[in-house]
Amino acid sequence: MNDTVRGEEQLSPVDLYEKVKDVPTNEKVEIITKTLVGIKSVNGTYGEVEIANYLIDFIKQIPYFDAQPERLWEQGLQGDHLGRKNVFALIKGKQESNKTVLYHSHMDTVGVDDFGSNQEAAFKPDVLTEQFAEQDYDEELKKLAQSGEWMFGRGSVDMKSGIAVHLVNLMYFSEQVEHLNGNVLVMFNPVEENEHTGVIESVNELLKLRDVQGYEFVLGINNDFVTSLYEGDQNRYIYTGAVGKLLPCFYIYGREAHVGETLTSVDPTLISATINRNINNNMDLAEEIQGELVLPPSCLYQRDQKDFYNVQTALSSQLYFNYFVYKDSPQDVMNKLIEKAKEACVEVEEHMVEQHRKFSHVTEMPTSNSLSWNINIYSYDEYIDQLTEKGIDVEGVCDRVVAENSGLEKRELCFQIVEALQLADPDKTPKVIIFFAPPYCPHNYLREEVGTEKEIIDHINEVLSEYEQKTTETFKVKKFFPFLSDSSYLSLHESDHEIESLIDNFPKWEEIYPVPVHDIRSLNIPSINMGVYGQDAHQRTERVYKPYTFGTLPFIIRALTEKVLNN
Ligand SMILES: [Zn+2]
């Protein structure tokens, strides 16, 4: 940090409460947001614990929780090396009703490498705004910073302003218990930006609240950031569901050769390249859902397994993709990928046959009858079945790899398992094995055909049209929040059969990524995202738009909450 970046005073939870308790809603949200941006809570650091503690101390200042401290509690994440935790605060309405609306936000942010040598300013909205307002290299940014309508800073829009909105509504409802026909539970989670462990562990706590204490969760409202979807887009998007995600992986086992006999090889890098070209950014693989932002798969990793130079072609290679799912099941995705991999392998085979024919022609040598470039394609599930039939101790091999590689990166560990199985297989012909590795995000959305979910859609539409009249905003309701969010883990639509097909194609699910799919499905909280609005999340110019986020959004969430609880 350079000396010209002056420090801003960081308010204690007690001082923050004193400062905001009597000011209007929009000011409350703004002051709290700025204070929370000042608490560094980068994913994977102790800051995630510090912000949780800060929030607990702040909520304690609210008279309702001072009088009923048992309504504010934390849940430590099991075995977490940093001691990260979920924070819960519950307002119980005086009108007897079990109906409960769940508000949730994540407390972590991405890192600040994008700020270069200016990292300290990332946590100081006023300093950053001043810097942007004074610089001369980006006129557009200068104008935005001078407008006074935006708050800059890491986490400003993703998503400390979201926490602030929920906190302010928590304060509001704590003074409305007499009229509150139901309950409001606020939950703040760590670890959203990568593994989603916070919300995944909360499933347990939420089930306890439902099954032991009888709370009925009628709606979950996440307020993770929303943004424009195209240039000049002025819409405010409300999402009635969340996109899901799979990470399909390809373990490709070929046939090595000396480069002097290269045409006898089945080169896994060539297979990998062809599969990649068939799948990567291929819109044929994006689901067709009219009006939704559907995206094709993108390659996140492609390597061969050679670790040093020599003149032998590679023996195996690895490839994986980010794969968004909207309505398709994991089995649908697996079927599509097997199809694409088959096409790629046939293409490679035909290419090699043709090249070998040309080679024989030029060199005036006879063509080989025994050489084959055929490549088999298996789903992990099919491959396991085959090995088991051959009498191979699949469980034993998997357990050994897991035991010998504790702490290994999760995707690498999955590839190691598949490789070990391949090594145990006496069949050494070229093959492609397709499996799923972490993370897995379930997809969900409110369904028109389910009565209770349709009611919520209607309530949302009523509230939004009311606010379109009261304000100058235009709202658009869409099904799938496109940026991956914690809401994925609160509800799940897959059948038992579909869940099985996912787990069966996921090496060592129970040890490596035990998402409690059955519990999530049982919990099944209809989940929506009414997000804070801004631009450039995960970038140096991350910023939240103040008029809408601080002045309108809190009231929309409030109105919807009351409508749902009073229904
Ligand atoms: Zn976020």
Side-chain angles (χ1 to χ4, degrees), residues 13-14 16-29 31-32 52 54-75 86-105 162-188 202 205-223 452 455-456 459-460 462-463 466-467 490 525-528 530 550 552-567:
V14 178
L16 177 63
Y17 184 75
E18 284 305 312
K19 190 168 174 182
V20 300
K21 71 176 201 236
D22 296 320
V23 303
T25 297
N26 63 328
E27 283 178 45
K28 274 191 177 71
V29 182
I31 296 167
I32 295 174
Y54 189 97
L55 291 170
I56 290 169
D57 289 339
F58 177 83
I59 297 169
K60 273 183 191 161
Q61 306 308 311
I62 303 172
Y64 178 89
F65 292 98
D66 187 41
Q68 288 151 113
E70 73 283 359
R71 303 244 163 107
L72 167 66
W73 73 99
E74 59 183 59
Q75 174 200 22
N86 293 320
V87 175
F88 295 89
L90 175 71
I91 308 265
K92 264 182 104 154
K94 280 271 158 65
Q95 319 280 326
E96 277 305 310
S97 164
N98 293 333
K99 281 191 180 175
T100 306
V101 172
L102 170 70
Y103 292 166
H104 64 108
S105 312
I163 299 177
V165 166
H166 281 338
L167 274 180
V168 167
N169 278 342
L170 184 75
M171 291 167 74
Y172 169 80
F173 282 116
S174 77
E175 290 167 2
Q176 301 292 321
V177 284
E178 300 292 336
H179 317 288
L180 189 59
N181 190 20
N183 318 292
V184 174
L185 176 68
V186 172
M187 168 171 86
F188 299 125
S202 81
E205 191 72 15
L206 296 169
L207 276 178
K208 253 191 275 172
L209 286 166
R210 185 192 72 182
D211 297 340
V212 181
Q213 302 191 42
Y215 293 100
E216 180 201 347
F217 293 106
V218 289
L219 177 63
I221 305 179
N222 190 359
N223 56 2
T452 49
E455 269 175 27
I456 293 170
H459 289 324
I460 292 170
E462 285 160 29
V463 169
E466 185 189 326
Y467 275 84
L490 296 175
I525 302 178
S527 290
I528 66 166
M530 292 191 131
F550 301 164
T552 304
L553 180 66
F555 296 98
I556 299 178
I557 293 179
R558 232 177 249 182
L560 180 65
T561 305
E562 283 164 349
K563 217 175 242 299
V564 167
L565 289 180
N566 284 323
N567 179 41

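Nothing here was measured: the structure is a model prediction, and the numbers come from that model.
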query = Should the ring pair Phe88 and Trp73 be called parallel, tilted or perpendicular, given that the plane angle runs from 0 to 90° and is split at 30 and 60?
reply = parallel
task = Taking Lys28 for its side chain and Val23 for its backbone only, find out whether a donor-acceptor pair lies under 3.5 Å.
result = yes
message = Under a plain distance cut-off of 3.5 Å, with no hydrogens placed, do Tyr172 and Thr25 share a side-chain donor-acceptor pair?
response = no
query = Which distance, rounded to the nearest 0.5 Å, do you find between the NE2 of His179 and the CG of Asn181?
reply = 12.0 Å
ask   = Which pair of heavy atoms, one from Leu170 and one from Ala89, lies closest together, and at what distance?
value = CD2-CB, 4.0 Å
ask   = Is a side-chain N or O of Glu18 found less than 3.5 angstrom from the main chain of Val14, in a donor-acceptor match?
value = no
message = I'd like to know whether Ile556 forms a side-chain contact (heavy atoms from CB on, under 4.5 Å) with Val463, so could you lay out the CA-CA distance, the side-chain angles of the two residues, the decisive distance to 0.1 Å, and finally the verdict.
response = CA-CA 7 Å; Ile556 299 178; Val463 169; 3.8 Å; yes
query = Any side-chain heavy-atom pair from Phe555 and Glu466 closer than 4.5 angstrom?
reply = no
key: Non-hydrogen side-chain atoms of Tyr215 and Leu185 separated by less than 4.5 Å   = no
query = Can you tell me how far the NE2 atom of His104 sits from the CG atom of Leu206, to the nearest 0.5 Å?
reply = 9.5 Å
key: Contact summary for His166 and Ile221, nearest pair of heavy atoms   = NE2-O, 3.2 Å
key: Heavy-atom donor-acceptor pair, Asn169 side chain to Pro554 backbone, under 3.5 Å   = yes
request  = May I ask you to decide if Gln95's main-chain N or O and Ser97's side chain share a donor-acceptor pair within less than 3.5 Å?
outcome  = no
task = Flag the pair Met187 / Ser202 as yes when at least one side-chain heavy-atom distance between them is below 4.5 Å, and no otherwise.
result = yes
key: Test side chain to side chain donor-acceptor pair (under 3.5 Å) applied to Asn86 and Glu74, Glu205, Gln75, the passing residue   = Gln75
request  = Evaluate side-chain contact (heavy atoms from CB on, under 4.5 Å) for Leu167 paired with Ile59, printing each intermediate quantity in order.
outcome  = CA-CA 8 Å; Leu167 274 180; Ile59 297 169; 3.7 Å; yes
remark   = Between Asn222 and Ser105 the two heavy atoms that sit nearest each other are OD1-CA, 4.2 Å
request  = Please lay out, stage by stage, how His459 and Leu560 fare under the test side-chain contact (heavy atoms from CB on, under 4.5 Å).
outcome  = CA-CA 7 Å; His459 289 324; Leu560 180 65; 3.8 Å; yes
key: N-O pairing of Glu216 and Lys99 below 4.0 Å   = no
inquiry  = Let's go through Phe58 and Met171 carefully: what are the C-alpha distance in whole Å and the side-chain angles of both, what is the deciding distance for side-chain contact (heavy atoms from CB on, under 4.5 Å) to 0.1 Å, and is it a yes or a no?
reply    = CA-CA 11 Å; Phe58 177 83; Met171 291 167 74; 4.1 Å; yes
ask   = Can you tell if the side chain of Leu102 reaches within under 4.5 Å of the side chain of Leu490, non-hydrogen atoms only?
value = yes
query = Once you round to the nearest 0.5 Å, how far does OG1 of Thr552 lie from OH of Tyr467?
reply = 8.5 Å
message = For Glu96, I'd like to know if atom CD has over 12 heavy atoms of other residues, nucleotides or ligands within 6.0 Å.
response = no
query = Only one of Leu207, Thr100, Asn98 clears side chain to side chain contact (heavy atoms under 4.5 Å, CB included) with Phe217; which?
reply = Thr100
note = Between Leu72 and Ile56 the two heavy atoms that sit nearest each other are CD2-O, 3.6 Å
ask   = Which pair of heavy atoms, one from Asn223 and one from Gly162, lies closest together, and at what distance?
value = ND2-O, 2.8 Å
ask   = CG/Asn183 to CG/Leu565 distance, rounded to the nearest 0.5 angstrom?
value = 7.5 Å
query = Just wondering, do Ile31 and Lys19 contact through their side chains at under 4.5 Å, heavy atoms?
reply = yes
query = With side chains defined as the heavy atoms from C-beta onward, is the minimum distance between Val20 and Glu27 less than 4.5 Å?
reply = no
inquiry  = For a 4.5 angstrom cut-off between non-hydrogen side-chain atoms, does Val177 reach Ile91?
reply    = yes
query = Quick check: does any side chain N or O of Asn567 sit under 3.5 Å from a backbone N or O of Lys563, one acting as donor and the other as acceptor?
reply = no
query = So which heavy atom on Lys92 is nearest to which on Tyr64, and how close?
reply = N-OH, 2.9 Å
